[in-house]
Number of protein chains: 2
Amino acid sequence: MTPRTSAQGQSTRTDSATTSVEDYAKTIYGLAEWDDTAVSASALAKTLGVSNPSVTLMVRKMADLGLVDHQPYAPIRLTEQGRQLALAMVRRHRLLETWLVRELGYGWDEVHDEAERLEHAVSETFVDRLDARLGHPRVDPHGDPIPGPDLSMDHPDTELLCRVPTSSAVRLEQVDDSVPDALRVLAEQQVEIGAQVHVTASESGDVVVARTDAGEGIRLAHELAHAMRVSVVRSDGSGASGPGDLEN
Amino acid sequence: MTPRTSAQGQSTRTDSATTSVEDYAKTIYGLAEWDDTAVSASALAKTLGVSNPSVTLMVRKMADLGLVDHQPYAPIRLTEQGRQLALAMVRRHRLLETWLVRELGYGWDEVHDEAERLEHAVSETFVDRLDARLGHPRVDPHGDPIPGPDLSMDHPDTELLCRVPTSSAVRLEQVDDSVPDALRVLAEQQVEIGAQVHVTASESGDVVVARTDAGEGIRLAHELAHAMRVSVVRSDGSGASGPGDLEN
DNA sequence: TTGCAGTTTTAGGTATGCCTAAACCATACT
DNA sequence: AGTATGGTTTAGGCATACCTAAAACTGCAA
Ligand SMILES: [Mn+2]
Ligand SMILES: [Mn+2]
Ligand SMILES: [Mn+2]
Ligand SMILES: [Mn+2]
(Lines give C-alpha, C1' and ligand atoms only; values in the text may rest on other atoms or scores of the structure.)
(Ligands and ions follow the chains in the order given, each with its own letter.)
Protein backbone atom coordinates (compact mmCIF):
# COMPACT_ATOMS: atom_id res chain seq x y z
CA MET A 1 0.00 0.00 0.00
CA THR A 2 1.07 3.47 -0.80
CA PRO A 3 4.44 2.49 -2.19
CA ARG A 4 6.89 5.27 -1.76
CA THR A 5 8.15 6.29 -5.13
CA SER A 6 11.38 8.14 -5.02
CA ALA A 7 13.60 10.03 -7.35
CA GLN A 8 17.03 11.07 -6.34
CA GLY A 9 19.13 13.47 -8.34
CA GLN A 10 18.66 17.18 -8.23
CA SER A 11 16.31 19.73 -9.65
CA THR A 12 16.26 19.03 -13.34
CA ARG A 13 14.69 22.25 -14.50
CA THR A 14 17.37 23.23 -16.93
CA ASP A 15 16.93 26.38 -18.95
CA SER A 16 16.14 24.35 -22.04
CA ALA A 17 12.79 23.46 -20.47
CA THR A 18 10.37 25.88 -22.04
CA THR A 19 6.78 26.15 -20.89
CA SER A 20 5.81 23.71 -23.64
CA VAL A 21 8.46 21.19 -22.71
CA GLU A 22 7.35 21.40 -19.09
CA ASP A 23 3.73 20.79 -20.06
CA TYR A 24 4.59 17.86 -22.30
CA ALA A 25 6.68 16.22 -19.59
CA LYS A 26 3.97 16.73 -16.99
CA THR A 27 1.30 15.38 -19.32
CA ILE A 28 3.29 12.31 -20.32
CA TYR A 29 3.78 11.59 -16.64
CA GLY A 30 0.15 12.27 -15.80
CA LEU A 31 -1.25 9.95 -18.47
CA ALA A 32 0.43 7.01 -16.77
CA GLU A 33 0.38 8.18 -13.18
CA TRP A 34 -2.36 5.87 -11.92
CA ASP A 35 -2.54 3.10 -14.45
CA ASP A 36 0.75 2.16 -16.04
CA THR A 37 -0.38 2.60 -19.61
CA ALA A 38 1.81 3.15 -22.63
CA VAL A 39 1.53 6.77 -23.70
CA SER A 40 0.65 7.26 -27.35
CA ALA A 41 1.23 10.34 -29.42
CA SER A 42 -2.48 10.80 -30.04
CA ALA A 43 -3.34 10.58 -26.35
CA LEU A 44 -0.76 13.27 -25.73
CA ALA A 45 -2.16 15.36 -28.54
CA LYS A 46 -5.71 15.09 -27.26
CA THR A 47 -4.75 15.93 -23.68
CA LEU A 48 -2.59 18.86 -24.70
CA GLY A 49 -5.06 20.15 -27.25
CA VAL A 50 -2.57 20.17 -30.11
CA SER A 51 -2.34 18.26 -33.37
CA ASN A 52 -0.61 14.95 -33.81
CA PRO A 53 2.23 16.31 -35.93
CA SER A 54 2.98 18.88 -33.25
CA VAL A 55 3.45 16.07 -30.78
CA THR A 56 5.77 14.18 -33.11
CA LEU A 57 7.97 17.24 -33.48
CA MET A 58 8.01 18.08 -29.81
CA VAL A 59 8.73 14.50 -28.79
CA ARG A 60 11.66 14.42 -31.17
CA LYS A 61 12.97 17.58 -29.58
CA MET A 62 12.52 16.20 -26.10
CA ALA A 63 14.36 13.05 -27.14
CA ASP A 64 17.24 15.28 -28.24
CA LEU A 65 17.13 16.93 -24.83
CA GLY A 66 17.28 13.52 -23.18
CA LEU A 67 13.86 13.83 -21.60
CA VAL A 68 12.08 11.00 -23.42
CA ASP A 69 12.94 7.72 -25.07
CA HIS A 70 11.23 7.36 -28.37
CA GLN A 71 11.66 5.52 -31.60
CA PRO A 72 9.29 5.93 -34.53
CA TYR A 73 5.86 4.34 -34.10
CA ALA A 74 6.69 3.25 -30.56
CA PRO A 75 5.12 4.49 -27.33
CA ILE A 76 6.59 7.51 -25.58
CA ARG A 77 8.40 7.05 -22.31
CA LEU A 78 10.06 9.54 -20.00
CA THR A 79 13.72 9.09 -19.18
CA GLU A 80 14.77 9.41 -15.56
CA GLN A 81 15.64 13.03 -16.31
CA GLY A 82 12.27 13.60 -17.91
CA ARG A 83 10.51 12.00 -15.00
CA GLN A 84 12.25 14.34 -12.61
CA LEU A 85 11.24 17.35 -14.64
CA ALA A 86 7.66 16.07 -14.65
CA LEU A 87 7.67 15.49 -10.90
CA ALA A 88 9.07 18.95 -10.29
CA MET A 89 6.18 20.39 -12.28
CA VAL A 90 3.65 18.21 -10.46
CA ARG A 91 5.07 19.46 -7.18
CA ARG A 92 4.68 23.06 -8.26
CA HIS A 93 1.19 22.51 -9.55
CA ARG A 94 -0.14 20.80 -6.46
CA LEU A 95 1.51 23.16 -4.01
CA LEU A 96 0.09 26.14 -5.87
CA GLU A 97 -3.37 24.61 -5.84
CA THR A 98 -3.10 23.93 -2.14
CA TRP A 99 -2.11 27.52 -1.51
CA LEU A 100 -4.90 28.96 -3.67
CA VAL A 101 -7.50 26.95 -1.78
CA ARG A 102 -6.08 27.40 1.70
CA GLU A 103 -5.12 31.05 1.62
CA LEU A 104 -6.80 32.77 -1.27
CA GLY A 105 -10.31 31.46 -0.89
CA TYR A 106 -10.46 29.62 -4.19
CA GLY A 107 -12.90 26.75 -4.66
CA TRP A 108 -11.31 23.42 -5.55
CA ASP A 109 -12.91 23.63 -8.97
CA GLU A 110 -11.26 26.97 -9.74
CA VAL A 111 -7.61 26.32 -8.97
CA HIS A 112 -6.48 24.07 -11.80
CA ASP A 113 -6.32 26.65 -14.59
CA GLU A 114 -4.63 29.21 -12.38
CA ALA A 115 -2.00 26.69 -11.25
CA GLU A 116 -1.55 25.56 -14.82
CA ARG A 117 -0.16 28.98 -15.68
CA LEU A 118 1.59 29.82 -12.42
CA GLU A 119 3.58 26.58 -12.33
CA HIS A 120 5.74 27.85 -15.19
CA ALA A 121 6.35 31.27 -13.67
CA VAL A 122 7.55 30.55 -10.16
CA SER A 123 11.16 30.01 -9.13
CA GLU A 124 12.60 27.09 -7.21
CA THR A 125 13.04 29.41 -4.25
CA PHE A 126 9.39 30.37 -4.43
CA VAL A 127 8.29 26.75 -4.42
CA ASP A 128 10.39 25.91 -1.40
CA ARG A 129 9.17 28.90 0.58
CA LEU A 130 5.58 28.21 -0.32
CA ASP A 131 6.03 24.59 0.72
CA ALA A 132 7.40 25.70 4.09
CA ARG A 133 4.63 28.24 4.61
CA LEU A 134 1.99 25.60 3.95
CA GLY A 135 3.63 23.23 6.42
CA HIS A 136 4.92 20.77 3.82
CA PRO A 137 1.52 19.36 2.82
CA ARG A 138 1.59 15.84 1.42
CA VAL A 139 -1.73 15.97 -0.39
CA ASP A 140 -3.37 18.61 -2.57
CA PRO A 141 -7.03 19.70 -2.42
CA HIS A 142 -8.02 17.00 -4.88
CA GLY A 143 -6.39 14.20 -2.91
CA ASP A 144 -3.36 13.96 -5.16
CA PRO A 145 -0.01 13.38 -3.43
CA ILE A 146 2.51 16.22 -3.50
CA PRO A 147 6.13 15.28 -4.25
CA GLY A 148 8.55 16.49 -1.60
CA PRO A 149 11.65 18.58 -2.26
CA ASP A 150 13.45 15.35 -3.22
CA LEU A 151 10.52 14.55 -5.55
CA SER A 152 9.51 11.48 -3.59
CA MET A 153 5.87 10.94 -2.72
CA ASP A 154 3.38 8.53 -1.25
CA HIS A 155 1.49 7.06 -4.13
CA PRO A 156 -1.78 5.52 -2.94
CA ASP A 157 -3.18 2.75 -5.06
CA THR A 158 -6.76 3.61 -5.75
CA GLU A 159 -9.36 2.54 -8.25
CA LEU A 160 -11.54 4.42 -10.63
CA LEU A 161 -14.99 4.78 -9.10
CA CYS A 162 -16.55 3.56 -12.33
CA ARG A 163 -14.72 0.23 -12.04
CA VAL A 164 -15.69 -0.61 -8.50
CA PRO A 165 -18.17 -3.50 -8.07
CA THR A 166 -21.73 -2.63 -7.08
CA SER A 167 -22.56 -2.67 -3.37
CA SER A 168 -19.08 -1.77 -2.23
CA ALA A 169 -18.30 0.65 0.55
CA VAL A 170 -15.54 2.96 -0.63
CA ARG A 171 -13.72 6.06 0.50
CA LEU A 172 -13.30 8.96 -1.93
CA GLU A 173 -9.59 9.52 -2.31
CA GLN A 174 -8.98 11.60 -5.41
CA VAL A 175 -10.85 13.65 -7.98
CA ASP A 176 -9.33 14.60 -11.30
CA ASP A 177 -8.74 18.32 -10.89
CA SER A 178 -9.10 18.96 -14.61
CA VAL A 179 -12.77 17.93 -14.60
CA PRO A 180 -14.50 20.87 -12.92
CA ASP A 181 -17.95 19.31 -13.40
CA ALA A 182 -16.99 16.43 -11.16
CA LEU A 183 -15.59 18.83 -8.58
CA ARG A 184 -18.70 20.98 -8.64
CA VAL A 185 -21.10 18.07 -8.27
CA LEU A 186 -19.22 16.81 -5.23
CA ALA A 187 -19.06 20.29 -3.71
CA GLU A 188 -22.81 20.70 -4.18
CA GLN A 189 -23.49 17.36 -2.52
CA GLN A 190 -20.94 18.17 0.17
CA VAL A 191 -18.95 15.05 -0.48
CA GLU A 192 -15.33 15.71 0.38
CA ILE A 193 -12.09 13.84 0.02
CA GLY A 194 -12.09 11.09 2.65
CA ALA A 195 -15.87 10.76 2.68
CA GLN A 196 -17.14 7.22 2.81
CA VAL A 197 -19.83 6.33 0.33
CA HIS A 198 -21.75 3.31 -0.84
CA VAL A 199 -21.86 2.29 -4.48
CA THR A 200 -25.51 1.24 -4.66
CA ALA A 201 -26.26 0.70 -8.29
CA SER A 202 -25.38 1.54 -11.80
CA GLU A 203 -27.42 1.74 -14.96
CA SER A 204 -26.50 2.58 -18.48
CA GLY A 205 -22.90 3.19 -17.49
CA ASP A 206 -23.85 5.73 -14.85
CA VAL A 207 -22.91 5.15 -11.24
CA VAL A 208 -25.15 5.74 -8.25
CA VAL A 209 -23.54 6.44 -4.96
CA ALA A 210 -25.05 6.97 -1.52
CA ARG A 211 -23.52 8.85 1.35
CA THR A 212 -23.12 6.57 4.32
CA ASP A 213 -24.69 8.99 6.76
CA ALA A 214 -27.50 10.58 4.76
CA GLY A 215 -29.24 8.02 2.58
CA GLU A 216 -29.49 10.32 -0.43
CA GLY A 217 -28.42 8.73 -3.69
CA ILE A 218 -26.30 10.67 -6.15
CA ARG A 219 -26.28 9.72 -9.80
CA LEU A 220 -22.94 10.31 -11.49
CA ALA A 221 -22.62 10.19 -15.24
CA HIS A 222 -20.02 7.63 -16.22
CA GLU A 223 -17.78 10.45 -17.39
CA LEU A 224 -17.80 11.94 -13.90
CA ALA A 225 -17.36 8.61 -12.12
CA HIS A 226 -14.37 8.14 -14.39
CA ALA A 227 -12.80 11.25 -12.87
CA MET A 228 -12.91 9.92 -9.29
CA ARG A 229 -10.66 7.43 -7.58
CA VAL A 230 -11.56 5.55 -4.42
CA SER A 231 -10.16 3.01 -2.00
CA VAL A 232 -12.37 0.04 -1.32
CA VAL A 233 -13.39 -0.28 2.34
CA ARG A 234 -15.66 -3.29 2.00
CA SER A 235 -16.34 -5.15 -1.17
CA ASP A 236 -19.77 -6.80 -0.88
CA GLY A 237 -18.92 -10.01 -2.63
CA SER A 238 -22.31 -10.16 -4.35
CA GLY A 239 -20.33 -10.40 -7.54
CA ALA A 240 -21.36 -8.43 -10.61
CA SER A 241 -18.21 -6.46 -11.17
CA GLY A 242 -19.97 -3.21 -11.78
CA PRO A 243 -20.34 -1.50 -15.09
CA GLY A 244 -17.79 -2.52 -17.62
CA ASP A 245 -15.50 0.32 -18.38
CA LEU A 246 -17.06 1.49 -21.61
CA GLU A 247 -14.17 3.81 -22.18
CA ASN A 248 -14.38 6.59 -24.75
CA MET B 1 0.88 67.17 -3.35
CA THR B 2 0.23 63.59 -4.26
CA PRO B 3 -2.14 64.39 -7.10
CA ARG B 4 -4.62 61.61 -7.61
CA THR B 5 -4.24 60.20 -11.04
CA SER B 6 -7.24 58.31 -12.21
CA ALA B 7 -8.21 56.11 -15.07
CA GLN B 8 -11.78 55.10 -15.65
CA GLY B 9 -12.75 52.45 -18.14
CA GLN B 10 -12.46 48.79 -17.42
CA SER B 11 -9.79 46.18 -17.34
CA THR B 12 -8.09 46.47 -20.69
CA ARG B 13 -6.27 43.15 -20.69
CA THR B 14 -7.56 41.86 -23.97
CA ASP B 15 -6.31 38.54 -25.23
CA SER B 16 -4.16 40.27 -27.78
CA ALA B 17 -1.85 41.38 -24.99
CA THR B 18 0.96 38.87 -25.02
CA THR B 19 3.63 38.82 -22.36
CA SER B 20 5.79 40.97 -24.62
CA VAL B 21 3.08 43.51 -25.24
CA GLU B 22 2.43 43.71 -21.52
CA ASP B 23 6.10 44.30 -20.83
CA TYR B 24 6.41 46.95 -23.50
CA ALA B 25 3.37 48.82 -22.20
CA LYS B 26 4.60 48.65 -18.63
CA THR B 27 8.08 49.82 -19.62
CA ILE B 28 6.83 52.73 -21.71
CA TYR B 29 4.74 53.80 -18.76
CA GLY B 30 7.59 53.31 -16.31
CA LEU B 31 10.10 55.35 -18.27
CA ALA B 32 7.92 58.43 -17.84
CA GLU B 33 6.29 57.63 -14.51
CA TRP B 34 8.22 60.14 -12.40
CA ASP B 35 9.61 62.65 -14.84
CA ASP B 36 7.40 63.33 -17.83
CA THR B 37 10.01 62.54 -20.45
CA ALA B 38 9.41 61.63 -24.05
CA VAL B 39 10.06 57.92 -24.51
CA SER B 40 12.47 57.09 -27.32
CA ALA B 41 12.82 53.79 -29.09
CA SER B 42 16.39 53.39 -27.95
CA ALA B 43 15.52 53.99 -24.30
CA LEU B 44 12.87 51.31 -24.61
CA ALA B 45 15.33 48.98 -26.28
CA LYS B 46 17.92 49.47 -23.58
CA THR B 47 15.45 48.97 -20.74
CA LEU B 48 13.91 45.89 -22.30
CA GLY B 49 17.22 44.42 -23.34
CA VAL B 50 16.28 44.05 -26.99
CA SER B 51 17.58 45.57 -30.19
CA ASN B 52 16.30 48.80 -31.71
CA PRO B 53 14.68 47.13 -34.71
CA SER B 54 12.75 44.84 -32.40
CA VAL B 55 11.30 47.90 -30.72
CA THR B 56 10.29 49.46 -34.01
CA LEU B 57 8.43 46.32 -34.99
CA MET B 58 6.73 45.87 -31.67
CA VAL B 59 5.72 49.52 -31.46
CA ARG B 60 4.16 49.27 -34.89
CA LYS B 61 2.22 46.27 -33.75
CA MET B 62 1.07 48.01 -30.59
CA ALA B 63 -0.03 50.99 -32.67
CA ASP B 64 -2.17 48.61 -34.71
CA LEU B 65 -3.64 47.31 -31.46
CA GLY B 66 -4.44 50.87 -30.41
CA LEU B 67 -2.08 50.80 -27.45
CA VAL B 68 0.39 53.47 -28.55
CA ASP B 69 0.41 56.54 -30.74
CA HIS B 70 3.44 56.58 -32.95
CA GLN B 71 4.53 58.08 -36.19
CA PRO B 72 7.95 57.41 -37.69
CA TYR B 73 10.85 59.12 -35.93
CA ALA B 74 8.56 60.59 -33.28
CA PRO B 75 8.52 59.73 -29.58
CA ILE B 76 6.35 56.85 -28.38
CA ARG B 77 3.27 57.60 -26.34
CA LEU B 78 0.68 55.33 -24.77
CA THR B 79 -2.93 55.78 -25.75
CA GLU B 80 -5.50 55.82 -22.97
CA GLN B 81 -6.03 52.15 -23.65
CA GLY B 82 -2.31 51.48 -23.50
CA ARG B 83 -2.03 53.42 -20.28
CA GLN B 84 -4.72 51.29 -18.72
CA LEU B 85 -2.96 48.11 -19.74
CA ALA B 86 0.26 49.48 -18.28
CA LEU B 87 -1.41 50.43 -15.01
CA ALA B 88 -3.05 47.03 -14.77
CA MET B 89 0.41 45.46 -15.06
CA VAL B 90 1.89 47.88 -12.52
CA ARG B 91 -0.90 46.95 -10.13
CA ARG B 92 -0.15 43.27 -10.54
CA HIS B 93 3.56 43.75 -10.16
CA ARG B 94 3.38 45.82 -7.00
CA LEU B 95 0.73 43.68 -5.34
CA LEU B 96 2.76 40.57 -6.02
CA GLU B 97 5.90 42.16 -4.59
CA THR B 98 3.98 43.21 -1.50
CA TRP B 99 2.73 39.70 -1.01
CA LEU B 100 6.13 38.12 -1.51
CA VAL B 101 7.66 40.37 1.15
CA ARG B 102 4.80 40.24 3.62
CA GLU B 103 3.89 36.58 3.50
CA LEU B 104 6.65 34.61 1.88
CA GLY B 105 9.64 36.07 3.67
CA TYR B 106 11.30 37.54 0.61
CA GLY B 107 13.74 40.40 1.00
CA TRP B 108 12.84 43.58 -0.85
CA ASP B 109 15.80 43.06 -3.13
CA GLU B 110 14.60 39.60 -4.20
CA VAL B 111 11.03 40.23 -5.25
CA HIS B 112 11.37 42.14 -8.50
CA ASP B 113 12.42 39.29 -10.77
CA GLU B 114 9.86 36.94 -9.32
CA ALA B 115 7.06 39.50 -9.78
CA GLU B 116 8.30 40.24 -13.27
CA ARG B 117 7.37 36.70 -14.29
CA LEU B 118 4.31 36.19 -12.12
CA GLU B 119 2.57 39.35 -13.28
CA HIS B 120 1.93 37.74 -16.66
CA ALA B 121 0.61 34.49 -15.24
CA VAL B 122 -2.05 35.54 -12.74
CA SER B 123 -5.72 36.11 -13.53
CA GLU B 124 -7.79 39.17 -12.79
CA THR B 125 -9.58 37.16 -10.13
CA PHE B 126 -6.28 36.28 -8.53
CA VAL B 127 -5.21 39.90 -8.39
CA ASP B 128 -8.44 41.01 -6.76
CA ARG B 129 -8.33 38.25 -4.16
CA LEU B 130 -4.69 38.94 -3.38
CA ASP B 131 -5.48 42.63 -3.04
CA ALA B 132 -8.26 41.86 -0.57
CA ARG B 133 -6.11 39.45 1.42
CA LEU B 134 -3.38 42.06 1.76
CA GLY B 135 -5.91 44.65 2.95
CA HIS B 136 -5.78 46.78 -0.19
CA PRO B 137 -2.29 48.15 0.32
CA ARG B 138 -1.62 51.51 -1.30
CA VAL B 139 2.17 51.28 -1.40
CA ASP B 140 4.54 48.47 -2.31
CA PRO B 141 7.70 47.49 -0.41
CA HIS B 142 9.78 49.95 -2.42
CA GLY B 143 7.52 52.89 -1.72
CA ASP B 144 5.83 52.81 -5.10
CA PRO B 145 2.10 53.50 -5.14
CA ILE B 146 -0.21 50.61 -6.05
CA PRO B 147 -3.05 51.38 -8.45
CA GLY B 148 -6.45 50.41 -7.08
CA PRO B 149 -8.97 48.17 -8.84
CA ASP B 150 -10.04 51.23 -10.84
CA LEU B 151 -6.36 51.84 -11.67
CA SER B 152 -6.27 55.14 -9.80
CA MET B 153 -3.42 55.87 -7.42
CA ASP B 154 -1.79 58.48 -5.25
CA HIS B 155 1.23 59.68 -7.10
CA PRO B 156 3.65 61.40 -4.75
CA ASP B 157 5.94 63.94 -6.28
CA THR B 158 9.42 63.11 -5.18
CA GLU B 159 12.91 63.98 -6.32
CA LEU B 160 15.88 61.91 -7.26
CA LEU B 161 18.26 61.79 -4.30
CA CYS B 162 21.14 62.69 -6.57
CA ARG B 163 19.48 65.97 -7.51
CA VAL B 164 18.75 67.23 -4.02
CA PRO B 165 20.86 70.20 -2.82
CA THR B 166 23.54 69.51 -0.23
CA SER B 167 22.61 69.97 3.42
CA SER B 168 18.95 69.12 2.94
CA ALA B 169 16.93 67.01 5.29
CA VAL B 170 14.93 64.51 3.26
CA ARG B 171 12.72 61.51 3.76
CA LEU B 172 13.36 58.36 1.73
CA GLU B 173 10.21 57.68 -0.21
CA GLN B 174 11.02 55.26 -3.01
CA VAL B 175 13.79 53.01 -4.23
CA ASP B 176 13.92 51.67 -7.76
CA ASP B 177 13.11 48.00 -7.29
CA SER B 178 15.08 46.99 -10.35
CA VAL B 179 18.39 48.10 -8.79
CA PRO B 180 19.09 45.40 -6.21
CA ASP B 181 22.42 46.98 -5.23
CA ALA B 182 20.63 50.06 -3.98
CA LEU B 183 18.16 47.91 -2.08
CA ARG B 184 20.89 45.84 -0.48
CA VAL B 185 22.94 48.82 0.63
CA LEU B 186 19.93 50.34 2.33
CA ALA B 187 18.99 47.05 3.96
CA GLU B 188 22.53 46.66 5.30
CA GLN B 189 22.49 50.18 6.73
CA GLN B 190 18.96 49.60 8.04
CA VAL B 191 17.57 52.59 6.23
CA GLU B 192 13.94 51.96 5.42
CA ILE B 193 11.25 53.70 3.43
CA GLY B 194 10.13 56.71 5.47
CA ALA B 195 13.50 57.13 7.17
CA GLN B 196 14.67 60.70 7.51
CA VAL B 197 18.23 61.37 6.42
CA HIS B 198 20.55 64.28 5.92
CA VAL B 199 22.36 64.91 2.66
CA THR B 200 25.71 66.03 4.03
CA ALA B 201 28.06 66.15 1.11
CA SER B 202 28.84 64.95 -2.31
CA GLU B 203 32.07 64.46 -4.14
CA SER B 204 32.82 63.21 -7.60
CA GLY B 205 29.17 62.59 -8.32
CA ASP B 206 28.74 60.41 -5.23
CA VAL B 207 26.28 61.37 -2.55
CA VAL B 208 26.87 61.15 1.18
CA VAL B 209 23.92 60.75 3.43
CA ALA B 210 23.70 60.65 7.23
CA ARG B 211 20.96 59.04 9.27
CA THR B 212 19.31 61.63 11.51
CA ASP B 213 19.58 59.51 14.64
CA ALA B 214 22.93 57.79 14.28
CA GLY B 215 25.50 60.16 12.89
CA GLU B 216 27.06 57.56 10.58
CA GLY B 217 27.62 58.76 7.05
CA ILE B 218 26.81 56.51 4.09
CA ARG B 219 28.46 57.06 0.73
CA LEU B 220 26.26 56.21 -2.21
CA ALA B 221 27.67 55.91 -5.69
CA HIS B 222 25.88 58.29 -8.02
CA GLU B 223 24.32 55.34 -9.75
CA LEU B 224 22.72 54.22 -6.51
CA ALA B 225 21.62 57.71 -5.48
CA HIS B 226 19.98 57.86 -8.90
CA ALA B 227 17.80 54.91 -7.93
CA MET B 228 16.33 56.62 -4.86
CA ARG B 229 13.63 59.22 -4.63
CA VAL B 230 13.04 61.46 -1.62
CA SER B 231 10.77 64.21 -0.39
CA VAL B 232 12.53 67.29 0.90
CA VAL B 233 11.77 68.01 4.55
CA ARG B 234 14.05 71.03 4.98
CA SER B 235 16.14 72.55 2.28
CA ASP B 236 19.13 74.26 3.90
CA GLY B 237 19.30 77.24 1.55
CA SER B 238 23.10 77.24 1.57
CA GLY B 239 22.80 77.02 -2.17
CA ALA B 240 25.08 74.75 -4.19
CA SER B 241 22.46 72.63 -5.90
CA GLY B 242 24.22 69.37 -5.25
CA PRO B 243 25.98 67.34 -7.87
CA GLY B 244 24.94 68.06 -11.40
CA ASP B 245 23.12 65.13 -12.83
CA LEU B 246 25.94 63.74 -14.95
CA GLU B 247 23.57 61.37 -16.66
CA ASN B 248 24.81 58.79 -19.10
C1' DT C 1 23.97 75.66 -45.73
C1' DT C 2 25.90 71.60 -45.90
C1' DG C 3 27.55 67.63 -43.63
C1' DC C 4 27.87 64.38 -40.23
C1' DA C 5 26.63 61.64 -36.21
C1' DG C 6 23.33 59.38 -34.00
C1' DT C 7 18.78 57.51 -34.12
C1' DT C 8 15.29 55.03 -36.44
C1' DT C 9 13.49 52.12 -39.83
C1' DT C 10 13.80 48.57 -43.51
C1' DA C 11 15.53 44.20 -45.21
C1' DG C 12 16.53 39.69 -44.52
C1' DG C 13 17.09 35.82 -41.36
C1' DT C 14 16.68 32.57 -36.99
C1' DA C 15 14.16 29.88 -33.47
C1' DT C 16 9.97 28.16 -31.32
C1' DG C 17 5.65 26.12 -31.57
C1' DC C 18 1.73 25.54 -33.77
C1' DC C 19 -1.31 24.13 -38.13
C1' DT C 20 -3.31 21.16 -42.44
C1' DA C 21 -2.64 17.88 -46.01
C1' DA C 22 -0.38 14.06 -47.67
C1' DA C 23 2.52 10.01 -47.26
C1' DC C 24 3.66 6.14 -44.42
C1' DC C 25 3.59 2.12 -41.46
C1' DA C 26 1.67 -1.55 -38.28
C1' DT C 27 -1.92 -4.06 -37.15
C1' DA C 28 -6.04 -6.45 -37.25
C1' DC C 29 -9.57 -8.64 -40.09
C1' DT C 30 -11.26 -11.08 -43.85
C1' DA D 1 -1.75 -13.59 -47.48
C1' DG D 2 -4.06 -9.29 -48.80
C1' DT D 3 -6.14 -5.31 -47.63
C1' DA D 4 -8.56 -1.79 -45.00
C1' DT D 5 -8.11 1.19 -41.00
C1' DG D 6 -6.10 4.17 -38.04
C1' DG D 7 -2.24 5.98 -35.73
C1' DT D 8 2.21 8.27 -36.94
C1' DT D 9 5.36 10.88 -39.40
C1' DT D 10 6.82 14.02 -43.23
C1' DA D 11 6.12 18.14 -46.00
C1' DG D 12 5.04 22.69 -46.33
C1' DG D 13 3.23 26.88 -43.92
C1' DC D 14 2.00 30.56 -40.48
C1' DA D 15 2.66 33.60 -36.33
C1' DT D 16 5.45 35.55 -32.74
C1' DA D 17 9.46 37.66 -31.29
C1' DC D 18 13.87 38.07 -31.61
C1' DC D 19 18.55 39.25 -34.30
C1' DT D 20 22.35 41.82 -37.58
C1' DA D 21 23.43 44.68 -41.42
C1' DA D 22 22.21 48.25 -44.31
C1' DA D 23 19.49 52.24 -45.66
C1' DA D 24 17.04 56.47 -44.35
C1' DC D 25 16.07 60.22 -41.69
C1' DT D 26 16.77 64.17 -38.12
C1' DG D 27 18.91 67.64 -36.08
C1' DC D 28 22.90 69.84 -34.62
C1' DA D 29 27.25 72.07 -35.80
C1' DA D 30 30.92 73.65 -38.63
MN1 LIG E 1 -4.51 20.72 -11.22
MN1 LIG F 1 -4.78 18.96 -8.01
MN1 LIG G 1 9.47 45.52 -9.23
MN1 LIG H 1 8.28 47.60 -6.45
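Note on naming: letters A, B, ... go to the chains in the order of the sequence lines (proteins, then strands), and numbering restarts at 1 for each one. Scope of the values below: all heavy atoms of this structure, side chains included, with no hydrogens, waters or symmetry mates.
Between B:Lys61 atom NZ and C:dT10 atom P there is a gap of 17 Å when expressed in whole angstrom units. The nearest whole Å value for the distance from the CG atom in A:Leu44 to the C1' atom in D:dG7 is 13 Å. For the pair A:Met58 CE and D:dT9 C1', the interatomic distance rounds to 17 Å; values are reported in whole Å. Spacing between atom CG of A:Asn52 and atom C1' of C:dC24 amounts to 14 Å, rounded to whole angstrom units. When the C1' atom of C:dT16 is taken as reference, atom CD of A:Glu22 falls 15 Å away, rounded to whole Å.
Closest to the side chain of B:Tyr73, out of D:dA24, C:dC18, C:dT20, is D:dA24. For B:Pro72, the listed nucleotide lying nearest its side chain is C:dT9; candidates were C:dT9, C:dT10, D:dC19. Of all nucleotides listed (D:dC19, D:dC18, D:dA17), D:dC18 comes nearest to the side chain of B:Tyr24. The A:Thr56 side chain lies nearest to D:dT10 when the options are C:dT8, D:dC18, D:dT10.
Annotation: cation-pi pair B:Arg129/A:Tyr106 present, NZ/CZ under 6.0 Å from the ring centroid and within 45° of its normal.
The aromatic ring centres of B:His112 and B:His142 sit 6.0 Å or more apart.
With B:Arg94 as the fixed residue, the side-chain contact (heavy atoms from CB on, under 4.5 Å) test singles out one of B:Asp140, B:Asp177, B:Val111: B:Asp140.
Residue contacts for B:Pro53: at a heavy-atom cut-off of 4.0 Å it reaches a base atom on one of the strands shown. Heavy atoms of B:Ser20 sit under 4.0 angstrom from primed sugar atoms or phosphate atoms, though from no base atom.
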